[in-house]
Every structure is written in structure tokens, then in C-alpha cells.
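In what follows, a single structure is set out as C-alpha cells and then discussed.
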Amino acid sequence: MFHPKVPTNPTPTGLVVPLTVEPTAPVRHAPAPAPAAQSSTRPAVHLTPGTAVALVGGGTAVVLIVGAVLVSMLLAVAVSGVSVAVCAVVLRSLLTSGRTYR
């Protein structure tokens with residue numbers, strides 16, 4: 001069931017060599033043994049006061065930078081909207097003044 005099915009591939013000579021298929025039977029696995037005491041060769045991560053301050057400072061810097069980028073994008077959208085509104089008011093004023101004096 002979990003065996004990959006590999007297609008037969010032609011050899012460089014042009015001969016097709018079929019793969020041998022082994023019949024599979026259901027396999028019953030014994031339950032996993034209880035985990036033994038872990039003897040990790042990897043040292044655990046120790047947070048010293050210096051690394052904690054560095055992590056807090058780095059996180060604060062990331063938040064401030066992302067906030068500044070978002071605020072500047074919002075400001076750019078607001079300035080663009082105001083400039084479009086001013087252009088619309090000026091065009092409307094020009095069009096209405098042209099109709100009244102003719």
C-alpha cells in the first residue's frame with residue numbers, strides 16, 4: 001500500500017526492463033516502547049539578560065519600522081486624495097465661471 005509505484009523506464013539500448021513486484025502482506029507493528037530518558041547532544045537555549053534585551057530591542061525596532069512604513073503609505077494615500085479633490089474643485093470652478101460670463 002505504501003510502496004511507490006515506479007514506471008518501467010527504457011534503458012539506453014531501447015530495451016524495457018520491467019520492475020519486479022513483491023507481494024505485500026499486512027504487517028502488524030508492535031507498540032512503540034516507552035521513551036527513554038532523553039540524552040540530547042544539543043545544548044538548550046539559555047536566555048541571558050543581554051540576549052533578552054537584544055530580543056526586546058529587535059522586536060521594538062521591527063514594530064517601529066513596520067509602523068512607520070504603514071503610516072507613510074496611509075499619508076501618501078491621504079495626500080493623493082486631497083490633491084484629487086483640490087483638482088476637482090478647481091475644474092468645477094473653471095467650468096462654472098466659464099458658463100456665467102458667456
Side-chain angles (χ1 to χ4, degrees):
M1 181 173 145
F2 295 108
H3 293 285
K5 296 187 176 30
V6 181
T8 58
N9 294 322
T11 59
T13 59
L15 297 174
V16 177
V17 179
L19 294 175
T20 58
V21 178
E22 298 177 7
T24 59
V27 178
R28 296 186 187 253
H29 295 285
Q38 294 182 358
S39 60
S40 176
T41 58
R42 231 172 67 174
V45 177
H46 298 290
L47 285 178
T48 61
T51 56
V53 169
L55 286 175
V56 169
T60 304
V62 167
V63 167
L64 289 177
I65 290 171
V66 169
V69 168
L70 291 177
V71 167
S72 64
M73 289 173 63
L74 180 64
L75 184 62
V77 169
V79 167
S80 300
V82 168
S83 66
V84 168
V86 168
C87 289
V89 169
V90 169
L91 285 175
R92 182 178 176 200
S93 173
L94 288 173
L95 289 174
T96 55
S97 67
R99 288 186 204 150
T100 56
Y101 293 117
R102 286 187 179 179

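Only heavy atoms go into these numbers, but all of them, side chains included; no hydrogens, no water, no symmetry mates. In this chain, numbering begins with 1 at the start of the sequence shown. In this text, all values refer to a predicted model and were calculated from it rather than measured experimentally.
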Shortest non-hydrogen separation from Thr96 to Ser93 and the atoms involved: OG1-O, 3.1 Å

Ignoring hydrogens and angles, write down the donor-acceptor pairs under 3.5 Å from the side chains of residues 77-90, residues two or more places apart or on other chains.
residue : atom : partner : partner atom : Å
Ser80   : OG   : Ala76   : O            : 2.9
Ser83   : OG   : Val79   : O            : 3.4
Ser83   : OG   : Ser80   : O            : 2.8

Side chain to side chain contact (heavy atoms under 4.5 Å, CB included) against Leu47, all qualifying residues, sequence neighbours excluded: Thr51, Leu55

Let me check something: any side-chain donor-acceptor pairs from residues 56-70 under 3.5 Å, sequence neighbours excluded? List them with distances.
residue : atom : partner : partner atom : Å
Thr60   : OG1  : Val56   : O            : 2.8

